[in-house]
Structure formats: C-alpha cells, structure tokens
Visitor: 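Quick one: this structure, given as structure tokens, is what I'll be asking you about.
As the structure is a prediction and not an experimental result, all values here were calculated from the model. Below, all heavy atoms of this structure are taken into account, side chains as well, without hydrogens, waters or symmetry copies.
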Amino acid sequence: MKKKAGPLFYVFLVVFVLFVMFPFLWMLISSIKPLTELFGDKAFTPYTNHPTFKSYVSVFVDYPFLRYLWNSAVVATITTVYTVTVASFAAYAIARLDFRGKTFILGLVLSVTMFPQIATISPIYIFLKNLGLTNSYLGLIIPYTTFTLPLSIWLLVTFFRKIPSDLEEAAKIDGATLMQTYWKVIMPLAVPGMFTTAILVFIAAWNEFLFALTINTEEKYKTVPIGIAMFQGQFTIPWGEIAAATVVVTVPLVIMVLVFQRRIVSGLTSGSVKE
Amino acid sequence: MKNGGINGQNDLELGKKNPQLTTLRKEPKQKKAFSEGKAGYLLIAPAMILIFLVAVWPVLQSFYFSLFDLRLNNPTKSEVHLSYNVDLERYLNNYPFLVTALDNEIREGNAAEQLEAAKSELKAIDDKLQKDGEVKSQYDAVNDKLMNFEQPGTDIRMVEVDRDIAEDYLKTTDSILTSLKKAAKETKLSQEDKIIGLASGLKDSIIKPNFIGLKHYKDNFGDTRMWKALGNTMTFTIISVAAELILGLAIALLINKAFFGRGLIRASILIPWAIPTAVSALMWKFLYDGQNGIIAKIFEDVGLINKMSNLLVTDTGAMFAVIFTDVWKTTPYMALLILAGLQTIPSSLYEASAIDGAGRWKQFTTITLPLLKSSILVALLFRTLDAFRVFDLIYVLTGGGPANSTETISILAYKVMFSQTNFGEGSALAVIVFICVAIISMLYIKFLGKDLLNDGRGN
C-alpha cells in the first residue's frame with residue numbers, strides 16, 4: 001500500500017506537526033517575553049517586541065537548576081550503566097542458552113515492568129529511611145532498578161535474538177577462542193542493541209517522578225522533574241521561569257531525539273514496551 | 001587461555017568471577033545441556049535477585065503492611081508489631097523514678113499504706129518482667145546505657161513479651177494509676193503531678209500489637225472517596241486510551257506511505273513522549289491557565305467551554321484537561337507502535353485482494369485489522385496499565401482537584417501515605433491498585449495468548 005503522497009497529505013502533516021509542537025513553541029515564546037507580557041491582553045500575542053533573557057538568568061541564579069540537572073544526570077547515568085550491564089548477562093542467557101524455566105522468567109520480567117510504582121513505594125521508602133539513604137543518589141538508584149532492569153532485559157532479549165547464531169558457530173569452526181568469539185563476533189553485533197536500550201533506560205530514569213518526589217526531598221538532591229514541578233509556590237506560579245526551564249530541558253532532548261530517532265523507534269517497537 | 005580443557009569445577013568458579021566466559025564457552029556436545037543450564041542460571045542470577053529484592057519483595061511487603069495500623073508519625077505504631085512489646089527505654093525512664101518518688105512520700109508519711117501497696121505491686125510486676133532470660137539481658141543492657149546517659153539502640157530498646165505478662169502488666173499499671181490518683185485525692189502528696197505522670201508513662205511503655213487484619217480493606221471498600229478515586233481512574237483510563245487508539249490508528253494509516261519529511265514526523269512524534277511527564281504537565285497547566293492560558297482561550301473561543309477560567313476549576317473541565325494532555329502526549333507514541341505493525345504487513349496481500357476486487361474498506365477489515373490485532377493489543381495493554389497507574393501528570397496538573405474530581409487511586413494512595421503518614425491504609429490502597437493492574441493484564445494476556453512471550457517479538 002505504498003502510495004504517493006498528495007498535496008492534501010502535506011497539509012495534514014503540517015497541521016499534525018503544529019498541533020504536537022504547539023505547546024513547545026508557545027513555551028519558547030513565553031520564555032523570552034518580559035514579565036508584563038505574560039499576563040493580561042499581551043498574554044495571547046504570539047510574539048514579543050521586547051525579547052529578554054531575564055527568565056533564563058533567573059532559572060539558573062534564583063533556583064538551583066544546575067544542581068537539579070547534575071543530580072538527574074548522575075542518577076540516570078549510573079542507573080543506566082549498571083542496569084544495562086546486569087541485564088545484558090540475563091538477556092544473553094535467556095536469548096541464547098537452553099535451560100528450564102525460561103518462559104517463566106521472561107513472564108516474570110514482563111509482569112514486573114507492569115508493576116505499579118505505588119505498590120512498591122511504602123516498603124522501599126521505609127527501607128531507605130532506615131538505612132539513612134533518603135536524600136542521596138543511591139536512594140534513587142536502588143528503587144529505579146524496579147523499572148529499568150526488567151525494561152532492559154525485555155529489550156535486550158529481543159536484540160540478542162536477532163543476532164544470527166551461525167556467526168558464533170562459524171567463528172568456532174574457524175578456531176576462534178571464546179574470548180575472540182565474544183569480543184569480535186557477539187559484541188560488535190550487540191552494541192547497537194545495548195546502546196538503544198541504554199537510551200530508553202536513560203530517558204525512563206531521567207523522567208521518573210514518584211520515587212524522586214518521595215525519597216529525595218532535600219533541595220540538594222532533587223532531580224529535574226521534581227525541581228521544575230516545585231517551582232510553583234504556594235500562591236504564585238513563576239510562569240516565565242517555568243517556560244525558560246522547560247525550554248532548557250527540552251532543547252537537549254530535541255537534539256537527542258533527532259540524532260537517535262531511528263534507534264529509539266527500533267527500541268520502542270521491538271519489544272512494544274513503553275519508555 | 002586453555003581451550004575446552006577446563007573441568008566443570010573450575011568452569012563454575014570462573015563463571016562466578018566472569019560470567020561471560022562460561023556461557024560463551026561451547027561445551028562438548030554431550031555435556032552441553034547440563035553446563036548450558038548451569039551457566040544460564042548463573043547469568044540470570046544477579047538480575048533475578050535484584051528484581052526479587054527491589055520489586056517482588058516490596059510488593060509482598062506492601063501487602064503485609066496493609067494488615068497493620070502503621071503510622072510513621074506515631075512512635076508506638078511506626079513499626080509492625082505482631083505481639084506485645086515493652087519499650088524498655090521508656091519503662092526504665094519511669095519505673096525507678098516512680099519507686100523513688102513513692103519511697104519519698106512514704107518517708108514523709110503521706111498515705112503510706114496505700115503507697116506501700118502500690119509499690120509492692122510495682123515490684124512484683126518488675127520481677128515478673130525480669131524473670132524471662134531474654135528480657136532480663138536486654139533490660140540490663142538498656143539500663144546500663146541509660147545510667148551512662150547514652151541513647152539505647154533500636155535493636156535493644158524493644159523486647160517481646162508474652163501475652164499473659166503483657167495483660168497482667170497492663171492491668172497492674174492501670175490499677176496502680178487509679179489507686180495513686182485516689183490516694184492523691186484523699187491525702188496531699190508532695191510530688192503528686194510527678195507520681196501520676198510517671199505512673200501513666202509506665203502504663204504506656206507496653207506496645208500493643210498493631211495487627212488489624214483486613215480492616216483497612218474493609219474501611220476502604222466502605223469509603224466513598226476510594227470509590228470516587230477508582231471511578232476517576234477508570235474514566236481517565238477508558239476515555240484517554242480509547243481516544244489514543246482511534247487517533248493513533250488513523251494517524252498510522254495516514255502516514256504509512258512514502259513521503260518527504262519522514263524524519264520530521266518521527267521527531268515530532270517522539271518529543272512529547274520523551275520529555276518528563278511532570279514538565280509537560282506543568283507546560284499544559286500554563287496553557288490551561290484561567291487568565292493567561294492560550295489553550296483555555298482557544299477552547300473558550302470555539303465554544304468548548306463557556307468561560308476560560310472554568311477549565312481547571314470545574315469537575316468535568318479539569319478531567320477533560322487532564323485527558324486532553326494525556327492524549328496529546330501519548331497518541332503519537334500509539335501511532336508509532338501501530339505503524340510498526342502496519343509495516344510488517346506485506347503489500348502483496350493488498351495487491352492480491354485488489355485484483356479480487358476488494359475495496360478499501362474491505363481491505364481494511366479483512367487484512368489490516370486482523371493482522372494488526374496483536375500489535376494493537378500489545379500497545380493497548382501497555383497504555384491501559386500506564387493510564388491506570390497515572391500519577392505525575394495529575395499530581396502536577398491538578399493535584400487531584402478541584403474537590404478530588406481528578407483524584408486517581410494512585411494519587412489517593414500517595415496522599416494517605418505521605419500527607420497523612422498512614423502507611424498501613426496507604427499500602428492497602430497500593431495493593432488495590434496492584435490487584436486491578438493484575439486483573440487488567442490477565443484479561444489482555446488472555447486475548448493475546450502466548451504471542452507476547454513466545455518469541456519476544458510481540459508484533
């Protein structure tokens with residue numbers, strides 16, 4: 001059903017992209033408006049004659065936004081590296097080795113990805129509190145394992161299964177040692193899959209909200225989603241700063257998505273797993 | 001590196017240090033099944049242990065907690081107690097001082113007879129406590145600590161006692177308290193307040209078991225707020241997932257063709273999915289704002305709502321706003337999953353049916369839909385579960401308001417646990433969420449059959 005696209009189709013595309021991107025564009029405009037134009041009649045004009053970067057400066061000066069970014073980066077990176085490593089062993093075994101109970105294990109992994117976070121939070125919170133790990137990086141890395149590890153295993157199993165096993169056999173026949181087979185045959189083929197998994201796990205860890213909200217309550221250890229959500233005070237909401245902060249987190253993301261879009265799509269659709 | 005000459009024993013040890021080596025080593029054919037199995041278990045062990053510790057065990061513990069009256073802000077209920085316990089620190093901060101205070105009164109000749117009786121009762125109960133070897137050793141340890149003005153550790157502070165002793169203790173301390181009060185009323189005591197305070201402190205040193213069975217569940221099922229939250233969750237889930245499915249399917253069918261600018265479309269699909277939900281919720285909160293929100297204004301202009309300030313302050317307005325945001329954020333993702341399914345359908349099928357004279361609609365119902373069934377079900381399964389446990393979107397956008405009209409069950413559980421610090425009841429709500437999620441998954445998996453697990457290639 002590969003038909004050529006007509007002009008009407010492009011009109012549809014433009015509308016679709018506009019609809020999806022509109023909130024971001026509006027935030028971009030709002031972030032450079034002066035405070036007076038965020039309210040009243042001027043609030044609805046899609047341009048400004050007095051662009052200013054005040055909101056951006058305020059985000060970094062009046063709020064510990066750099067600290068939030070750093071916290072998120074540390075937690076998401078460590079979580080990603082360690083879960084993908086642990087998961088790669090398990091996924092390799094499930095995809096390539098014969099042992100009893102494989103289907104059961106894969107079923108368990110899949111059901112754990114469906115666990116509601118709220119169902120694990122009270123014991124995890126009490127456990128971390130007793131160990132004095134609330135308000136620390138480890139306090140988030142441990143609970144993040146609940147969703148990143150099953151997700152990584154699930155995705156990696158799919159990727160490992162796609163590597164043709166003939167190659168391993170051929171390498172063996174050619175007299176390659178195990179280490180050679182692994183490093184020269186398996187790894188190069190598995191790297192793209194592991195990388196894709198790492199991107200998806202990183203995004204999931206970066207975006208997590210509930211654990212971060214309950215476990216790291218100190219300003220020093222808040223992550224970006226919590227930090228931005230808590231910009232809103234009791235009575236006032238600093239929309240200018242919120243718009244600027246939104247732009248600051250969205251721009252790197254847009255770049256990342258543009259660079260890795262094929263990988264992300266292949267990861268999302270291969271196991272049909274969200275995030 | 002020796003080649004294949006390593007015996008099983010060494011191999012296993014090697015595997016512990018570097019699991020990769022073991023699995024990749026191809027064993028001789030006859031040994032293969034045995035050692036492959038072992039290597040397999042070794043490789044999955046770390047992941048399985050972690051999953052058990054951080055996911056399975058906490059869920060079981062949530063269920064366990066839900067059977068207790070667990071409140072973090074109440075020292076006597078901050079832990080689960082299946083049996084009676086004595087808080088030795090508290091006991092020893094009261095008992096010796098009470099005895100001394102009674103002695104002083106007796107020496108001064110104030111109600112000596114009554115106080116003497118109370119004192120001997122006290123001594124008797126103290127002897128009874130100290131009779132048990134385990135209690136005695138912890139008793140002494142805590143006493144030593146307190147003598148040196150140190151804080152006794154939590155491991156020795158609490159000691160379990162038999163039900164008989166505990167009940168005896170409660171009865172005795174109660175009667176002592178009443179007799180002391182009576183004595184104080186009849187005769188003027190020099191340290192009346194102190195004595196009564198110490199006696200009631202002594203009475204509170206016993207911690208009753210806070211096991212309450214299924215009471216939290218019973219209370220929750222009789223609570224209209226719980227049912228309302230469950231209803232809100234269902235409304236949110238059903239409407240948003242249905243809208244996302246229909247729109248996603250339509251978009252996927254439309255863009256399933258060769259066209260210029262595919263990359264742009266793919267990127268614009270991925271961006272709403274990739275940004276943190278909390279950030280997109282806040283963004284929409286700005287767009288929905290009653291005074292300055294552009295989307296609220298557009299809604300008012302097209303007549304969807306009668307006043308823009310009504311959007312976030314009325315029940316239906318707020319629920320609509322939340323659903324609209326969710327649809328915006330996840331429809332593109334749904335379209336992506338369905339598109340992937342569409343692209344696996346060979347075009348020869350359509351060509352063949354076109355030759356047979358089938359129209360577009362017939363092609364859609366006889367080829368596209370049946371072949372898309374499993375992709376759609378997988379996408380629906382994940383979306384339904386996600387929508388059912390929705391938390392951050394609503395927490396940031398409406399906070400569950402106005403008047404709890406967008407409060408979902410996860411939000412309610414969170415509020416009960418962390419605002420009211422009632423972990424027992426909150427855990428019961430969390431278990432209810434878990435059970436609902438399990439039921440939903442089972443229903444879907446029944447439709448999906450083994451497709452999902454068999455090959456790992458769900459679509």
Visitor: If you compare all heavy atoms of B:Ile295 against all heavy atoms of A:Phe22, which two are closest, and at what distance to 0.1 Å?
Guide: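 Scanning both residues completely, I find the closest heavy atoms to be CD1-CE2, 3.7 Å.
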
Visitor: Of all of B:Leu282, B:Ile251, B:Leu50, which one pairs up most often with chain A through heavy atoms under 4.5 Å apart?
Guide: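 Most heavy-atom pairs under 4.5 Å with chain A: B:Leu282.
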
Visitor: Quick one, A:Trp26 and B:Leu287 - any side-chain contact, counting heavy atoms below 4.5 Å?
Guide: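 They are in contact (side-chain heavy atoms under 4.5 Å apart), so the answer is yes.
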
Visitor: Got B:Pro276 and A:Phe209 here, is their nearest side-chain heavy-atom distance under 4.5 Å?
Guide: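 No, side chains not in contact.
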
Visitor: Side-chain contact test, heavy atoms from C-beta onward, threshold under 4.5 Å: evaluate it for A:Phe16 versus B:Ile255 and give yes or no.
Guide: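 No, their side chains stay 4.5 Å or more apart.
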
Visitor: Below 4.5 Å from any heavy atom of chain A, which atoms of B:Met417 appear? Answer side chain, backbone, both or neither.
Guide: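 Answer is side chain: those atoms of B:Met417 sit under 4.5 Å from chain A.
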
Visitor: Given that the side chain runs from C-beta out, which part of A:Pro225 has a heavy atom under 4.5 Å from chain B: side chain, backbone, both or neither?
Guide: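 Both parts, backbone and side chain.
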
Visitor: I need the residue from A:Ile242, A:Ile142, A:Ile118, A:Leu38 with the largest number of non-hydrogen atom pairs under 4.5 Å to chain B.
Guide: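 Of the candidates given, the most pairs with chain B belong to A:Ile118.
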
Visitor: Do A:Leu210 and B:Asp392 have side chains that get closer than 4.5 Å, going by heavy atoms?
Guide: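 The answer is no, as the side chains (C-beta and beyond) never meet within the 4.5 Å cut-off.
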
Visitor: Determine the option with the most heavy-atom pairs under 4.5 angstrom with chain A, choosing from B:Ile440, B:Leu339, B:Val396, B:Ile271.
Guide: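 When all of B:Ile440, B:Leu339, B:Val396, B:Ile271 are compared, B:Ile271 has the most.
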
Visitor: Please determine, among B:Ile294, B:Ile44, B:Leu385, the option with the most heavy-atom pairs under 4.5 Å with chain A.
Guide: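 Highest number of heavy-atom pairs under 4.5 Å: B:Ile294.
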
Visitor: Which residue out of A:Ile226, A:Val20, A:Val86, A:Ile94 racks up the most heavy-atom pairs below 4.5 Å with chain B?
Guide: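 Of the options given, most contacts go to A:Val20.
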
Visitor: The test is side chain to side chain contact (heavy atoms under 4.5 Å, CB included); show your working for B:Ile269 and A:Val265 and say whether it passes.
Guide: CA-CA 10 Å; B:Ile269 279 180; A:Val265 171; over 6 Å; no

Visitor: Residue by residue, scan residues 428-436 of chain B and write down, ordered by number, those that have a heavy-atom distance under 4.5 Å to chain A; if none do, write 'none'.
Guide: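 Answer by number: B:Ala430, B:Val433, B:Phe434.
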
Visitor: Can you list the residues that meet the salt bridge (charged side-chain N to carboxylate O under 4.0 Å, His left out) rule with B:Lys297, with sequence neighbours excluded?
Guide: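 If we apply the salt bridge (charged side-chain N to carboxylate O under 4.0 Å, His left out) test to B:Lys297, skipping adjacent residues, the hits are B:Asp301.
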
Visitor: Using a cut-off of under 4.5 Å on heavy-atom pairs, state which of A:Thr214, A:Val109, A:Thr246, A:Thr83 scores highest against chain B.
Guide: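 Most heavy-atom pairs under 4.5 Å with chain B: A:Thr214.
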
Visitor: Looking at B:Met48, B:Glu79, B:Lys285, which has the largest count of heavy-atom pairs under 4.5 Å with chain A?
Guide: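 Ranked by contacts with chain A, first place is B:Lys285.
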
Visitor: Hey, which of B:Ala354, B:Gly293, B:Pro346 has the most heavy atom pairs under 4.5 Å with chain A?
Guide: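 With the most close heavy-atom pairs to chain A, the winner is B:Gly293.
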
Visitor: Could you pull out the closest heavy-atom pair between A:Phe115 and B:Arg389, with the gap in Å?
Guide: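 Minimum heavy-atom contact is O-NH1, 2.9 Å.
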
Visitor: Looking at chain A, which one of B:Ile345, B:Leu254, B:Ile409 has the largest number of heavy-atom pairs inside 4.5 Å, strictly under?
Guide: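 The answer is B:Leu254.
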
Visitor: Return the set of residues passing salt bridge (charged side-chain N to carboxylate O under 4.0 Å, His left out) with A:Lys222 (not counting sequence neighbours), or none when no residue passes.
Guide: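 Here the qualifying residues are A:Glu219.
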
Visitor: By a 4.5 Å heavy-atom criterion (distance strictly below it), what part of A:Ala87 contacts chain B: side chain, backbone, both, or neither?
Guide: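 For A:Ala87, neither part sits under 4.5 Å from chain B.
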
Visitor: Any non-hydrogen side-chain atom of B:Phe418 less than 4.5 Å from a side-chain atom of A:Leu213?
Guide: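 No, every pair of side-chain atoms sits at 4.5 Å or beyond.
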
Visitor: What part of B:Leu72 gets within 4.5 angstrom of chain A, counting heavy atoms only: side chain, backbone, both, or neither?
Guide: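 Just its side chain gets close to chain A.
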
Visitor: Measuring from atom CZ of B:Phe382 to atom CG of A:Leu268, what distance do you get when rounded to the nearest 0.5 angstrom?
Guide: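 Reported value, rounded in 0.5 Å steps: 11.5 Å.
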
Visitor: So for B:Phe391, is it side chain, backbone, both, or neither that comes closer than 4.5 Å to the heavy atoms of chain A?
Guide: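 Contact with chain A: side chain only.
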
Visitor: Taking the side chain from A:Asn207 and the backbone from B:Thr277, do they hold a donor-acceptor pair closer than 3.5 Å?
Guide: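 A pair under 3.5 Å: no.
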
Visitor: Where on B:Phe65 is there a heavy atom nearer than 4.5 Å to chain A: the side chain, the backbone, both, or neither?
Guide: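 When you check distances to chain A, only side chain atoms of B:Phe65 fall under 4.5 Å.
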
Visitor: Select one option (side chain, backbone, both, neither) describing which atoms of A:Val249 are under 4.5 Å from chain B's heavy atoms.
Guide: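 Interface part for A:Val249: side chain.
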
Visitor: Which one wins on heavy-atom pair count under 4.5 Å against chain B: A:Ile228, A:Ile237, A:Leu253?
Guide: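 Looking at each of A:Ile228, A:Ile237, A:Leu253 in turn, A:Leu253 comes out on top.
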
Visitor: Checking B:Ser62 side chain against A:Ala119 main chain: does a donor-acceptor pair fall under 3.5 Å?
Guide: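 The answer is yes, because a donor-acceptor pair under 3.5 Å joins these two groups.
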
Visitor: For A:Tyr82, which atoms come within 4.5 Å of any heavy atom of chain B: side chain, backbone, both, or neither?
Guide: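 Just the side chain, heavy atoms under 4.5 Å.
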
Visitor: Pair up each side-chain donor or acceptor in residues 121-129 of chain A with any protein partner under 3.5 Å, not counting sequence neighbours, and list the distances.
Guide:
| from | atom 1 | to | atom 2 | distance (Å) |
| --- | --- | --- | --- | --- |
| A:Ser122 | OG | B:Ser427 | OG | 3.0 |

